[in-house]
Protein chains: 2
Amino acid sequence: MSAPSPQRLRADARRNRDGIRRAALDVFRVRGLATSLEEVARVAGVSKGTIYHRFGGRPGLIDAVVDDLVGDRIAEIIADVESLADPLARFETYLRQIWLLQFDEPAVNDVLLQLMPESRPSTAHCEQASQFAQRLLADAQAAGSVRDDLTGEDLYQLIWERGIIARACDQQSRDSYERRLGFVLHGLRSGV
Amino acid sequence: MSAPSPQRLRADARRNRDGIRRAALDVFRVRGLATSLEEVARVAGVSKGTIYHRFGGRPGLIDAVVDDLVGDRIAEIIADVESLADPLARFETYLRQIWLLQFDEPAVNDVLLQLMPESRPSTAHCEQASQFAQRLLADAQAAGSVRDDLTGEDLYQLIWERGIIARACDQQSRDSYERRLGFVLHGLRSGV
DNA sequence: TCATTACTTGACTGCACAGTCAAGAACCGT
DNA sequence: ACGGTTCTTGACTGTGCAGTCAAGTAATGA
């Protein structure tokens, strides 16, 4: 089922492997990780049999591109947040950015939704994002800015929910989507 | 395209029409309005051709059952809310009940999501629910209990969002779903 | 340059569903 | 009990995707 990996690929095979990877990056970035492999093959200019032969199917292909698709995006947000001092601002900025990222990048969204729970790299990105959120939550709660009864699990669910929504938002405006984030964040604060 | 309607149906036709209606009620209630007509036909014990012949396809069938599927459920909630005095309680109870209804009844959810914008009866139910919400919102805002910047459109979107989520919640517990409703409602209140 | 092996192709199966229609079955009034 | 009409059937077409594989093609190294 998984990809063959002789030390040296034949020249045409290497060319195709790279072309497929590039096509997958383009296509998955815009339309998400569930896009048909036929589409990827068309964009890469190969037949889909080649994708199956080289990558062993969708899981293998995703494993081969997911780091490029997701790694930087989440890292940027974390870096961004690290520059803030106030725990509440850190918490809210992080969530807001992740939620917007889910809207802007279907592929990242699919990862955060755990669309492919079998994929190690995907799962790793998802956990990283989730655990960072939980750290920010703890700090914000310690500072008394966020509801005490909010749990790490809740947070994961809130991210999951946004993902499901972002996915369905196809033709909805980003502004409208973002507007609602404010309401949700407001609901997580402590106090009345 | 639409259903034939001679004054008197033949006996077998009447029997089948009723059987199909009953099957559609059962099946749609549990699995939503997008369930395949093949499934409805199987449950009704007829061939799907009969459904097309009698109801003219999914839209016609839905029009024939949507009132029974939805009418009472929303009416009950409205009646329930009418018995409350406090504007905030009315507002929050209503939203919470509608949101739970969306979880419990896929068919109602599909209606509130405007899955079939062509269907008059469906659209009517949807608007009724939405307009009642807007009235409660206005009252609660007048009493100063709910954020001033919340609009009727926001409210519709919030219901839509829950619908999308409820739909994806297949194997998630109702408790977990309900727990999050509390956070959202909290975010709609005025004050800090 | 040629045999060997790696690689690619596209046609194939399989699945699930929408929607259609000619042929046959069931009903109803006389 | 039969003719005319209504109704039902199920096989058919069409769509779109997953995944497979025998046969053909192209790189490689001796």
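Reminder, nothing fancy here: chain letters follow the sequence lines and each chain counts from 1. Worth knowing before you read on, the calculation uses all heavy atoms, side chains too, and leaves out hydrogens, waters and symmetry mates.
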So, is [X] near the phosphate of [N], with a side-chain N or O under 4.0 Å from OP1 or OP2?
X        : N      : answer
Asn16(B) : dT8(D) : yes
Arg10(A) : dT5(C) : no
Thr50(B) : dT9(D) : yes

Spacing between [X] atom [atom1] and [N] atom [atom2], to the nearest angstrom:
X        : N       : atom1 : atom2 : value
Arg17(A) : dA27(D) : CZ    : P     : 16 Å
Arg42(B) : dA18(C) : CZ    : P     : 11 Å
Arg8(B)  : dC7(D)  : CZ    : C1'   : 18 Å
Asp12(B) : dT8(D)  : CG    : P     : 5 Å
His53(A) : dA6(C)  : NE2   : P     : 9 Å
Leu9(A)  : dT5(C)  : CG    : P     : 18 Å
Glu38(B) : dT9(D)  : CD    : C1'   : 13 Å
Ile51(B) : dC7(D)  : CD1   : P     : 16 Å

Asp80(A) backbone acceptor or donor facing Ser83(A) side chain under 3.5 Å: yes
Relative to the 5' end of DNA chain D, which residue comes earlier, Gly49(A) or Leu37(A), by the nucleotide with the nearest heavy atom? Leu37(A)
Test side-chain contact (heavy atoms from CB on, under 4.5 Å), reference Trp99(B), set Glu178(B), Glu161(B), Arg180(B), Arg162(B), output is Arg162(B)
Which is true for Arg14(B) with a 4.0 Å heavy-atom rule: it touches a base, it touches only sugar-phosphate, or it touches nothing? nothing
What's the closest nucleotide to the side chain of Arg54(A) if the choices are dT8(C), dT9(D), dA18(C)? dT8(C)
Checking dA11(C), dA11(D), dT5(D) against the side chain of Lys48(A) (C-beta onward), the nearest is dA11(C)
Tell me which residues in residues 26-36 of chain A lie within less than 4.0 Å of DNA chain D, going by non-hydrogen atoms. Ser36(A)
Distance-only donor-acceptor test (3.5 Å): side chain Arg58(A), base dA18(D): no
Would you say Gln157(A) and Glu153(A) are linked by a side-chain donor-acceptor pair, where the criterion is simply a distance under 3.5 Å? yes
Would you check if there is a donor-acceptor pair between the side chains of Thr50(A) and Asn16(A) at a distance under 3.5 Å? no
Who are the ring-ring contact (aromatic ring centres under 6.0 Å, His included) partners of Phe183(B), not counting sequence neighbours? none
Heavy-atom nearest pair, Gly32(B) first then Thr35(B), reads O-OG1, 2.7 Å
Rounded to the nearest 0.5 Å, how far does CD of Gln141(B) lie from CZ of Arg147(B)? 10.5 Å
